[in-house]
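Report on the structure given below.
Chain A is the first sequence line, chain B the second, and so forth, proteins listed ahead of strands; every chain is numbered from 1. In this text, all values refer to a predicted model and were calculated from it rather than measured experimentally. Values reported hereafter were calculated over all heavy atoms of this structure, with side chains retained and with hydrogens, waters and symmetry mates removed.
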Number of protein chains: 2
Amino acid sequence: MAKQKQATRDRILDAAEKLFAQKGFEGVSVRQIMSAADADVSLAYYHFKSKRDLFDQVMLRRVEYLNEIRLQALTEVEERHSDDAPTVEEIIGAFTQPLMQLLADDHDKWSHYYQLIAQINNSPDQGGVLMSRYFDPLVSRFIEALRKALPDCDDEDLYWSYHFLSGALTLTFAETGRIDNLSGGVCSSKDIASINERMHVFLAAGFEKLCEKS
Amino acid sequence: MAKQKQATRDRILDAAEKLFAQKGFEGVSVRQIMSAADADVSLAYYHFKSKRDLFDQVMLRRVEYLNEIRLQALTEVEERHSDDAPTVEEIIGAFTQPLMQLLADDHDKWSHYYQLIAQINNSPDQGGVLMSRYFDPLVSRFIEALRKALPDCDDEDLYWSYHFLSGALTLTFAETGRIDNLSGGVCSSKDIASINERMHVFLAAGFEKLCEKS
DNA sequence: CACAGAATTCAACGATCGTTGAATACTAGT
DNA sequence: ACTAGTATTCAACGATCGTTGAATTCTGTG
């Protein structure tokens, strides 16, 4: 029955996701979005309450699934260790691996969403509030797991370590092309396999070093 | 002679820097900027060619000095080691310390600028190009130094390590308030001393671990 | 086929956007 | 005090912004 409705709504969300990711919330007009979605301007206000609401729905469309699979990855790691605690590297792997898996499976579907998150995370205006709203429950679970893996680590070191991780993670998934320029072609922003080999190693070492110090 | 001119021009740049940092290039109108600068709208187009040019001048105003003092910090570290190579931690300290020093000396002057850089760095649209334009000469010098400190490290590991560093650095200086929320007040985005104790330790450990592997 | 409700189109609103040209005020050197 | 050039003000341009209400088409049910 309401098939076409969902189809159009999704086309709008797809176009909005892509354009918001590229140009930011204010950098794109509703007209541009609807033009990219090949639909009339006023349809945006039939399916969504406002431009801001459209943005929110773009965010909410994928965040639940994202949190779900990452939480599942963490519990799987924990269940594999019935008696002892998982290693830092395993926990960080559970945090980052699912994101890379989605990107490898369907790059076009997820890349724009990750770019959007990177922009929000680094937005001084509302970034802190929005990121906390979407991700803090999940992140708190991961930090809890990391606390067990690093029992001598005090909370301040733990939170700052996670913050560094967050910055590295979101920039890497933003695929800005910076590393392509800087490295003169040696590295590519979109080379997921290369990232997959390195990120968790780099970050786990930071956690362990900073926490052994405390 | 042209004293008042410089004063007004600087007031415009200050207001633009602050508002661009908070809301992004498209999120702020020339009228809002000029209102914050307490000057007539058309003065923006007397002192600058366009809104885009104003943005460029905001960036260029501080970037040279920034690159200068960071390069100086690196050469000082290198000169301290006449025969052997500086450690990774020293090199990264030279890269990050000057930024923190400026922030500690005059927070209001530099915080908005750092926020702007964080947004640009994470912008999928033009971020890679702009960051490379402003910072690649300096960054290449640092990577060169790091290559000497880590002679067994291959370039791919080196560039990716720097990329992780870049993300952690820019997010941390964006002062989004995220870590305040996440930690429930245990950590503060603006606690420069806490960052200063931890960032170079965390990042140096990542470099060393990733590069010893290769 | 008739009818209801969902989906889409069309035209337009007031507000604000970036930008400009002409007129005015200020400031320095002679 | 006269003047040249710098700095600032004022008013306005066409374009585009987010948003809306009413009219129209589509779609599945009786």
Nearest whole Å is fine: how far is [N] [atom2] from [X] [atom1]?
{"X": "A:Asp40", "N": "D:dT25", "atom1": "CG", "atom2": "P", "result": "14 Å"}
{"X": "A:Met34", "N": "D:dT20", "atom1": "CE", "atom2": "C1'", "result": "14 Å"}
{"X": "B:Arg9", "N": "D:dT8", "atom1": "CZ", "atom2": "P", "result": "12 Å"}
{"X": "B:Ile33", "N": "C:dT16", "atom1": "CD1", "atom2": "P", "result": "17 Å"}
{"X": "A:Leu43", "N": "D:dT19", "atom1": "CG", "atom2": "P", "result": "15 Å"}
{"X": "B:Arg52", "N": "C:dT19", "atom1": "CZ", "atom2": "P", "result": "10 Å"}
{"X": "A:Phe55", "N": "D:dT19", "atom1": "CZ", "atom2": "C1'", "result": "19 Å"}
{"X": "B:Ile12", "N": "D:dA7", "atom1": "CD1", "atom2": "P", "result": "11 Å"}

Out of [options], whichever nucleotide has its closest atom nearest the side chain of [X]:
{"X": "A:His47", "options": "C:dG18, D:dT19, C:dT8", "answer": "C:dT8"}
{"X": "B:Tyr46", "options": "D:dT9, D:dT6, C:dA7", "answer": "D:dT6"}
{"X": "A:Val41", "options": "D:dT19, D:dG18, C:dT19", "answer": "D:dT19"}
{"X": "A:Ser50", "options": "D:dT19, C:dT8, C:dT19", "answer": "D:dT19"}

Fit a plane to each ring of B:Trp110 and B:Tyr114, take the angle between them on a 0 to 90° scale, and name the class: parallel (under 30°), tilted (30 to 60°) or perpendicular (over 60°).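 Taking B:Tyr114 first and then B:Trp110, their aromatic rings sit tilted (interplane angle of 30° to 60°).
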
Candidate pair A:Phe202 and A:Phe164, rule ring pair (Phe, Tyr, Trp, His ring centres under 6.0 Å), full reasoning: CA-CA 11 Å; A:Phe202 184 99; A:Phe164 302 146; over 10 Å; no

Taking for each residue the nucleotide of DNA chain C bearing the nearest heavy atom, is the 5' side occupied by A:Arg31 or by A:Asp38?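 Closest to the 5' end, via its nearest nucleotide, is A:Asp38.
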
Bend angle of the helix from C:dC1-D:dG30 to C:dT30-D:dA1 from five-pair axes at both ends, rounded to 10°?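 Here the helix ends are tilted 10° relative to one another.
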
Keeping the roles fixed (side chain from A:Thr170, backbone from A:Ala118), state whether a donor-acceptor pair exists under 3.5 Å.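 Checking the backbone N and O of A:Ala118 against the side chain of A:Thr170, no donor-acceptor pair under 3.5 Å is found.
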
Just by modelled atom types, is the A:Tyr113 backbone N or O under 3.5 Å from a matching donor or acceptor in the A:Glu17 side chain?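 Not at all, since once roles are kept as given, no pair shorter than 3.5 Å links the two residues.
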
Using every non-hydrogen atom in the two residues, find where A:Thr75 and A:Arg141 come nearest and quote the distance to one decimal.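 Closest approach of A:Thr75 to A:Arg141: CG2-NH2, 3.8 Å.
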
Tell me whether the OP1 or OP2 atom of D:dT20 has a side-chain N or O from A:Tyr45 closer than 4.0 Å.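 So the side-chain polar atoms of A:Tyr45 never come under 4.0 Å of the phosphate oxygens OP1 or OP2 of D:dT20.
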
Between B:Gln101 and B:Pro98, is any pair of side-chain heavy atoms under 4.5 Å apart?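 In short, these two side chains do not touch, never coming nearer than 4.5 Å.
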
Taking the six-membered ring of A:Tyr65 (Phe, Tyr or Trp), confirm whether the NZ or CZ of A:Arg62 is under 6.0 Å from its centre and within 45° of its axis.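 Pair A:Arg62/A:Tyr65 does not count as cation-pi.
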
So what does B:Ser42 hit on the nucleic acid, given a heavy-atom distance under 4.0 Å: a base, only sugar-phosphate, or nothing?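 B:Ser42: base contact, heavy atoms under 4.0 Å.
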
